[in-house]
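Accompanying notes for the structure given below.
Quantities reported herein were computed from a predicted structural model and do not represent experimental measurements. Protein chains get the first letters and strands the later ones, always in sequence-line order, with residue 1 at the start of each.
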Amino acid sequence: MKIELISFGKIAEFINNQNIEIDGIADTDAFKQYLENQFPALKSMKYKLALNKNIVQENTEITNNATIAIMPPFSGG
Amino acid sequence: MSAERYNRQIILKGFGEEAQQQLLRAKVLVIGAGGLGCPALQYLAAAGIGHIGIVDDDTISLSNLHRQILFTTADIGKLKVEVAAKRLQEMNTQIGIIRHPIRLQKNNILDILSRYDYILDGTDNFESRYLINDACALLNKPLIFAAVSGFEGQLAIFNTPDHLTPSTNYRDLFPISPDKEEVANCAENGVLGVLPGILGTMAATETIKLIAKIGQPLTNKILSYNLLTQEQYTINISHGGGYTMPKTVDEFLNMEYQDTSEGPQGYIEIDASELVKLQQLESTILIDVRERHEVPILDKQIFTQVPMSEFGAFMNKEFYQKHVVLICQHGIRSVAAAEAMQEKYGDAKKIYSLKGGIVKWRDHFLKP
C-alpha cells in the first residue's frame with residue numbers, strides 16, 4: 001500500500017514529507033503504532049493525524065494512495 | 001459612517017454597504033497585542049470593525065519591534081494596549097477601542113469575553129489558549145485561532161457551527177495541553193516578523209469573513225501555512241473525545257489551566273527581590289537552564305550554565321548548595337527543572353524557580 005506522509009512543525013524536523021510503501025497496515029491505529037516505532041521521538045509528543053484532510057478521531061481504515069498528515073500544536077504568537 | 005473612508009470596500013462586488021454595516025456593528029476582542037495581534041488589529045481597525053477590545057498586560061521591548069508593527073522605537077517601555085489603542089484610534093477616529101491592560105485568568109475572562117461577539121486568540125502560550133478555548137465554548141463565542149512556530153503557522157475557527165458540523169473546539173484537535181518540557185519554544189526558537197504578520201492578517205480576514213458572511217471561513221477547519229514554500233494544507237476537524245470541557249461557570253472555575261499541579265509542589269516560584277535575597281545566602285547556586293546560544297548572556301561567575309538538554313547529566317552529579325534557583329527565559333522551563341530537582345532532592349534542598357524568567361525581570365538582569 002502506498003501512503004503519502006506529510007508532517008508539520010517540529011515533527012517535520014525529523015520526519016520528511018515522503019511516500020512510503022508498507023504492507024500489513026490497514027487502519028490508523030496500526031499506522032500510528034508503525035510511526036511511533038519508526039520515529040520514537042513521536043511517543044513523547046502531542047500530535048494529531050489527518051487522513052485525506054480529515055482529522056482522525058477514531059480508528060479508521062486506510063486505503064491505497066492515502067495521504068496522512070502528522071500535526072503538532074503551535075502556541076507562538 | 002463616513003462612506004468615503006470605506007468606499008473602496010463598499011464598492012467591491014461581493015462586499016458592499018450591508019457588509020460594511022455589519023463590520024461597524026461587530027464587537028471583536030483581540031487577545032494579545034504581539035506578533036499576531038498587531039497586524040490583526042491594524043486591519044480590523046482599518047476595515048471599520050466598530051468595537052475592538054485589546055487584551056495585553058505587557059510592555060514594549062526592543063526585540064518586539066521586528067514583528068509587532070504597531071510599535072516604534074520611542075514606544076519601548078510603554079504598555080502595548082496603550083500604544084496600540086492610540087495608534088489605531090489615530091488611524092480610524094470613528095471606531096471604539098477598549099483597552100484591557102490585564103492578563104486573562106479564570107476569574108476575569110468570562111466577564112470580559114462576554115462583552116464581545118468574536119474572539120481572536122493572538123496569545124503566545126498554551127495555558128492562555130486552553131483557557132480562551134474553554135471560555136469561548138462556555139459562552140458560545142466564535143473563536144478565531146492563530147498560532148506560529150518556526151516557519152509555519154496554524155489558523156482555525158472554533159466554536160462556530162457550519163451546515164455540516166456542530167461546532168468543534170481546540171480540544172477536538174489537541175485535547176491535552178503539552179507539558180512544559182515539550183514547550184521548547186518560548187522566545188528562543190525565533191521567528192521571522194513576516195510570519196505572524198501573515199497569520200495575523202489571515203486571522204483578521206477570517207474575522208471579517210465571519211462578520212460580513214462572505215466567502216468560506218475556516219469554520220471547523222485548520223489551515224497549516226508554510227512560509228518557506230507558501231504551501232497551505234487545510235484539514236477538516238470533527239468532534240473528538242477524551243477531554244473534559246467545563247459546561248457551567250462552576251466547572252470552569254474549577255478547571256486547572258496552569259501546568260503546575262495544585263497542592264504542595266515543594267519548589268517555590270520567586271520574584272527578583274527574593275532572588276537577590278537568596279543570592280546573599282551562603283549556600284545558594286543559581287542555575288541558568290537556557291541553551292547556550294540564548295541571549296542575554298549572564299555572568300557565568302554568578303549563574304551556572306546547565307542547559308535543559310544537559311540537565312539530566314547535571315542531576316547525576318553531587319553539589320553541596322542547599323538553595324537551588326532555576327532560571328530561564330520565561331519561567332516555564334525553569335519550572336520543569338524545578339520539578340525534576342524537587343523530585344530528586346525532596347527535603348534535602350530548597351528549590352526555587354524565577355517566575356516569569358529573565359524577560360519579566362529584565363531590568364534586574366541588564367543592570368550595568
Side-chain angles (χ1 to χ4, degrees), chain A residues 2-20 27-77, chain B residues 31-32 34-37 40 67 121-130 145-154 168 170 172-179 181-187 189-191 195-196 199-200 203 220-222 224-226 231 233-242:
Chain A
K2 288 189 173 67
I3 291 179
E4 185 196 5
L5 190 58
I6 58 181
S7 60
F8 298 92
K10 290 233 165 290
I11 295 178
E13 284 172 20
F14 59 93
I15 304 182
N16 291 330
N17 291 352
Q18 55 194 276
N19 287 311
I20 55 180
D27 56 42
T28 51
D29 279 359
F31 190 74
K32 192 168 143 88
Q33 199 53 53
Y34 163 81
L35 275 181
E36 292 192 356
N37 289 338
Q38 291 290 111
F39 307 103
L42 279 179
K43 289 188 194 140
S44 59
M45 296 176 82
K46 306 275 187 310
Y47 64 92
K48 203 76 174 183
L49 294 180
L51 174 63
N52 298 326
K53 299 194 172 186
N54 292 310
I55 275 289
V56 173
Q57 298 288 21
E58 56 191 9
N59 196 19
T60 312
E61 194 198 339
I62 304 177
T63 51
N64 196 24
N65 290 319
T67 300
I68 295 185
I70 316 170
M71 199 171 48
F74 296 169
S75 67
Chain B
I31 307 176
L36 291 166
R67 69 190 186 281
D121 179 357
T123 60
D124 63 1
N125 64 89
F126 285 115
E127 187 183 319
S128 299
R129 291 182 180 281
Y130 281 91
F145 171 98
V148 298
S149 171
F151 288 106
E152 297 182 39
Q154 290 176 345
T168 57
Y170 189 63
D172 288 315
L173 268 182
F174 302 111
I176 302 165
S177 182
D179 298 327
E181 297 93 76
E182 282 179 73
V183 184
N185 46 0
C186 298
N189 277 2
V191 71
L195 180 64
L199 270 296
N220 300 321
K221 296 189 206 306
I222 180 158
S224 291
Y225 173 82
N226 188 312
E231 279 173 334
Y233 194 80
T234 302
I235 288 167
N236 300 311
I237 308 170
S238 52
H239 180 68

Among side-chain atoms of B:Lys221 and B:Asn236, is any donor-acceptor pair under 3.5 angstrom?
yes
Can you tell which of B:Ser238, B:Ala146, B:Gly242, B:Pro175 has the highest number of heavy-atom pairs within less than 4.5 Å of chain A?
B:Ser238
What part of B:Ile222 gets within 4.5 angstrom of chain A, counting heavy atoms only: side chain, backbone, both, or neither?
side chain
Tell me, do A:Phe31 and A:Ile3 make a side-chain contact under 4.5 Å, heavy atoms counted?
yes
Which bit of B:Asp172 is near chain A, if near means a heavy-atom gap under 4.5 Å: side chain, backbone, both or neither?
both
Portion of B:Phe151 that has a non-hydrogen atom of chain A nearer than 4.5 angstrom:
neither
Using 0.5 Å steps for rounding, measure from the CG atom of A:Leu35 to the CD1 atom of A:Ile11.
9.0 Å
Please determine, among B:Leu36, B:Ile235, B:Leu195, the option with the most heavy-atom pairs under 4.5 Å with chain A.
B:Ile235
Kindly confirm or rule out a cation-pi arrangement of A:Lys48 over B:Phe174, judged by NZ or CZ under 6.0 Å from the six-membered ring centre and within 45° of its axis?
no
Toward chain A, the part of B:Thr123 with a non-hydrogen atom under 4.5 Å
backbone
Using the six-membered ring of B:Phe145, assess whether NZ or CZ of B:Arg129 lies under 6.0 Å from its centre and within 45 degrees of the ring axis.
yes
